[in-house]
Amino acid sequence: MLLTVQNQSAVLFHIIEDTFTMTANQAQLTIPKGSYTIAYYWEDRPYNLYFWRDHKGKYLGSYFNIVKNTFINDGMVSFEDLIIDILVLPNGEYFILDEDELPESLEKFENGSVQQSLNLLAESLHTVLLQTTSESEGIYAHEKFIPLLEHCLFMKKRE
């Protein structure tokens, strides 16, 4: 569900329909069914962000995709995923994912632009998450999503 479109950015809301677990090194992050994502997309940034909460509003973690060519209009958000992702745990610890999936070294992949984007994001990671957390307590407060969560739960029970 579209929440906001403005200034080359969009924010979407999505309910997680199936539990999934992400693993990085020895750490695991499970996002349970019924949780939700506040997804941020920017045309002028080389990444997008998925901010996860459980059905009670507890912050579960975040996930950044390194991307290019993000395009936003009233009916669509599109981007090219550049394979590399960053998983952020609730304690702030983060992990770079999927480097093993690259067709060449990170330094050479996409002529080094992915490495540059990753460096830029690593430098601003905590600032971006601080802003997102602040928004999650204000304009995207959990209480605003309770009716949607309850409606979806009701609809699932009817199926």
Side-chain angles (χ1 to χ4, degrees), residues 1-55 57-137 139-140 145 152:
M1 180 177 90
L2 179 64
L3 298 176
T4 309
V5 175
Q6 63 183 20
N7 302 330
Q8 298 181 308
S9 68
V11 181
L12 304 175
F13 171 85
H14 177 75
I15 294 178
I16 306 302
E17 295 183 4
D18 295 304
T19 298
F20 64 94
T21 300
M22 303 186 75
T23 302
N25 296 346
Q26 303 301 318
Q28 282 193 328
L29 177 62
T30 297
I31 307 300
K33 178 180 180 175
S35 299
Y36 62 96
T37 300
I38 305 295
Y40 293 81
Y41 303 90
W42 298 274
E43 290 182 337
D44 61 347
R45 296 186 192 184
Y47 56 84
N48 55 37
L49 165 61
Y50 303 95
F51 185 87
W52 291 310
R53 288 191 196 133
D54 70 12
H55 69 284
K58 178 184 171 195
Y59 174 63
L60 299 173
S62 294
Y63 187 83
F64 289 88
N65 286 338
I66 302 297
V67 301
K68 69 178 183 180
N69 298 327
T70 299
F71 175 75
I72 300 167
N73 69 22
D74 291 339
M76 181 181 73
V77 174
S78 67
F79 58 89
E80 285 182 58
D81 188 336
L82 296 175
I83 303 172
I84 298 297
D85 305 306
I86 297 179
L87 175 66
V88 184
L89 301 179
N91 67 5
E93 187 177 10
Y94 68 90
F95 302 91
I96 298 168
L97 306 177
D98 304 329
E99 196 170 346
D100 60 326
E101 296 178 16
L102 295 177
E104 57 189 340
S105 72
L106 181 59
E107 296 78 25
K108 292 180 182 178
F109 184 61
E110 290 283 319
N111 295 317
S113 66
V114 173
Q115 177 72 66
Q116 289 176 333
S117 296
L118 189 59
N119 293 344
L120 172 74
L121 179 54
E123 291 171 11
S124 62
L125 186 74
H126 295 292
T127 302
V128 173
L129 287 174
L130 194 61
Q131 177 185 358
T132 307
T133 302
S134 174
E135 289 178 1
S136 78
E137 294 167 357
I139 59 175
Y140 302 122
F145 300 113
C152 287

Exercise for the section: Would you mind reporting whether Leu125 and Val88 have side-chain heavy atoms less than 4.5 Å apart? Expected result: yes

Practice task
Please examine the side chains of Leu97 and Ile86, heavy atoms only from C-beta on, and report whether any two atoms are closer than 4.5 Å.
Solution key: no

Problem - Minimum heavy-atom distance between Asp81 and Val67, given as atom pair plus value - result: CA-CG1, 4.2 Å

Exercise for the section: Answer whether the closest heavy-atom distance between the side chains of Trp42 and Thr70 falls below 4.5 Å. Expected result: no

Problem - Exercise: do Tyr140 and Thr132 side chains pair donor with acceptor under 3.5 Å - result: no

Handout entry: Heavy-atom closest contact (Leu49 atom, Ser62 atom, distance)
Key = CD1-CB, 3.7 Å

Problem - Check: Phe64 and Tyr94 side chains under 4.5 Å, non-hydrogen atoms - result: no

Handout entry: Atom pair CG (Asp85) and OH (Tyr47), whose distance is rounded to the nearest 0.5 Å
Key = 14.5 Å

Problem - Rounded distance [0.5 Å steps], CD in Gln115 versus CD in Glu99 - result: 7.5 Å

Exercise for the section: Using a 4.5 Å cut-off on heavy atoms from C-beta on, say whether the side chain of Ile84 contacts that of Leu118. Expected result: yes

Exercise for the section: Heavy atoms only: give me the nearest Pro90-Leu60 pair and the separation to one decimal. Expected result: CG-O, 3.1 Å

Practice task
Could you tell me whether Tyr36 and Phe13 have their ring centroids closer than 6.0 angstrom?
Solution key: yes

Exercise for the section: Using a 4.5 Å cut-off on heavy atoms from C-beta on, say whether the side chain of Pro46 contacts that of Leu120. Expected result: yes

Exercise for the section: Please indicate whether Phe145 has more than 12 foreign heavy atoms, meaning atoms of other residues, nucleotides or ligands, lying under 6.0 Å from its CZ. Expected result: yes

Exercise for the section: State, with a plain yes or no, whether a side-chain heavy atom of Tyr50 is found less than 4.5 Å away from one of Ile38. Expected result: no

Practice task
Consider only side-chain N and O atoms of Trp52 and Ser35, and report whether a donor and an acceptor are under 3.5 Å apart.
Solution key: no

